[in-house]
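Report on one structure; see the data block that follows.
Both backbone and side-chain heavy atoms feed into the values below; hydrogens, waters and symmetry mates do not. Letters A, B, ... mirror the listed sequences (proteins, then strands); counts begin at 1. None of these values were measured; they are calculated from a predicted model.
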There are 2 protein chains.
Amino acid sequence: MLRPRSILLMPQHEHDPCSSCAARGYSVCSAIDDKDLGRLAATAVVRDLAKGETFIEEGDSASDFFNVTRGTVKLYKLLPDGRQQVTGFAGAGHFLGLAVSNTYAFSAEAIEQSRVCRFSRPKLRELLHDFPALEERLLQTACNELVAAQEQMLLLGRKTARERVASFLVARLETGIPCVNPSDAIALPMTRGEIADYLGLTIETVSRTFSRFKAEKRIAIPSNTEVVILDRPWLSGIAAGLQ
Amino acid sequence: MLRPRSILLMPQHEHDPCSSCAARGYSVCSAIDDKDLGRLAATAVVRDLAKGETFIEEGDSASDFFNVTRGTVKLYKLLPDGRQQVTGFAGAGHFLGLAVSNTYAFSAEAIEQSRVCRFSRPKLRELLHDFPALEERLLQTACNELVAAQEQMLLLGRKTARERVASFLVARLETGIPCVNPSDAIALPMTRGEIADYLGLTIETVSRTFSRFKAEKRIAIPSNTEVVILDRPWLSGIAAGLQ
DNA sequence: CAAAGCATTTGACCTGGATCAATGAGCCAT
DNA sequence: ATGGCTCATTGATCCAGGTCAAATGCTTTG
């Protein structure tokens, strides 16, 4: 009776990380049938990340791809003097590292306790070859990111500070894990500084804009990591550039 | 002896637009063998565009994909009050319309006399099915655009006006049709206003920055549609945020 | 529960780039 | 050539958001 015991003793995520993965539903992995999950699990290496841990460094040789399965990571680019632009926040299900080049074009850092699934480039290539649906899914993902990137360019190039913050809040509400937004509460795992670096603003401007929305009764701020939308239509209007 | 005559009379681009296409080399079409070009030509519809003509309108139902084969088009997004963000300029070889959604996420307008090749969505789907290399090529294209978009976010969110203009000039030099930059001359088919809308600045700031670079002997401006880079290393330094 | 260490907020002031306003410079069409 | 375009340049002024400088919480740790 050794077999059952060994399975019991083995942490489940080491036995079959994929079938029990919280991100299984949303991520690109959903393109792979349950019966082939073992193959996927054998290819992936799970890595836990502490808050603040950087796991992709811009310019490094792009040897791996990642899939975020827990927590949140920020993707960013730096200028030599330390100015930082956050290009996105990636939560569970997000696929990272799509690049034709041999080096990463951005850095990635966990902004809270997180977990990623790592695939080596050659192994992912094999997977893509064996599961054409996966390639199609990746193309879809890339297209969606491109659309999001264009929206962000509009925000960074042409929107006011108020419009940027409103856009950020509304987008967070929409991007939330589907149907899991009791009332209109948003979790903000990132700091004000990270929001500022995402919106092309300063910490002070983000904070002031939050305070003003709060004074105008459009939002409530129960804690530093949580915002409640009180007047969603109004915020959506501001975000869209109306008025 | 009717056959040769009919071919002679027929404009070549109606006979086989693809084999004689100037963009054949760079575009996604390069993923398709010469022997299959007829198939590609049968799928595509050539359309000539006058300067200022809009051929994709944000929000319209996304029924077609396009490949620019001549001239230059600008891709842009608008806010209700008319503020405009140009998300990119697409020259010969550029593929447009990648989107999962059913509506276009941006508008596109020819900024000079141009020509595009139009593919209907279902027909492109067929092509993708029959030529897996094409799908792979599209994924590569999408990845490259994603990298460019992230770079542009850094520019829009964190660079100064000087750095933006320098980045624009250096990028134009690099993106030029490979090995066809006699000296360091850049063609600028777009107006100052379009450059401004691309860089998140105003016409006046773009013009002033050009004038200043010129006064500092870093560039020359032989005409409104042409710039010559005189000090490329210096401009690259500014573009990268050094100094 | 005090002290240290952050992240955040708030206030006072400053500035890079926007806005407003002419002026100049090509480019047609007549 | 000349008047009427449009696009680009240049100057003067203004202001949204940046910078600098204190407070004010929140955690964490001893």
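- Within the nucleic acid shown, A/S211 comes within 4.0 Å of sugar-phosphate atoms alone, with no base atom in reach, counting heavy atoms only.
- Whole-Å rounding puts the B/L201 CG to D/dA8 P distance at 15 Å.
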Just the atom pairs and distances: protein N or O near nucleotides 20-22 of chain D's N or O, under 3.5 Å.
{"unit_1": "D/dC20", "atom_1": "N4", "unit_2": "A/E204", "atom_2": "OE2", "d": "3.1"}

Please lay out, stage by stage, how B/S167 and B/K159 fare under the test side chain to side chain donor-acceptor pair (under 3.5 Å). CA-CA 9 Å; B/S167 300; B/K159 289 187 182 178; 3.0 Å; yes
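- One can place CZ of A/R164 at 14 Å from P of D/dA16, the figure rounded to the nearest angstrom.
- By the 30° and 60° cut-offs, the orientation of the rings of A/Y104 relative to A/F66 is tilted.
- Of the candidates A/I195, A/I229, A/L188, A/R172 forms a side chain to side chain contact (heavy atoms under 4.5 Å, CB included) with just one, namely A/L188.
- Sorted by first then second residue, the salt bridge (charged side-chain N to carboxylate O under 4.0 Å, His left out) pairs that include residues 196-210 of chain B, not counting sequence neighbours, are A/R158-B/D197.
- Between A/L188 atom CG and C/dT9 atom P there is a gap of 11 Å when expressed in whole angstrom units.
- Looking only at atom types and distance, the side chain of B/S107 has no donor-acceptor partner in the side chain of B/E57 under 3.5 Å away.
- Contact annotation for B/S223: no contact, since no heavy-atom pair falls under 4.0 Å across all strands.
- The closest side-chain donor-acceptor pair between B/T225 and B/S223 falls under 3.5 angstrom.
- With a 4.5 Å cut-off on side-chain heavy atoms, B/F210 and B/I221 count as touching.
- The side chain of B/T202 sits closest to C/dA18 out of C/dG17, C/dA18, D/dA8.
- Distance from the side chain of A/I203 is smallest to C/dT9 among C/dT9, D/dG17, C/dG17.
- Rounded to whole angstrom, the span from the CZ atom of A/R158 across to the P atom of C/dA18 amounts to 7 Å.
- Between D/dC7, C/dT8, D/dT10, one nucleotide has an atom nearer to the side chain of A/R192 than all others, and that is C/dT8.
- If B/T205 and A/V206 are placed on DNA chain C by their nearest nucleotide, the residue sitting closer to the 5' end is A/V206.
- Summary for the helix from C/dC1-D/dG30 to C/dT30-D/dA1: the axes at its two ends, each from 5 pairs, differ by 40° when rounded to the nearest 10 degrees.
- With C/dG17, D/dA8, D/dG17 as the candidates, the nucleotide lying closest to the side chain of A/A161 is D/dG17.
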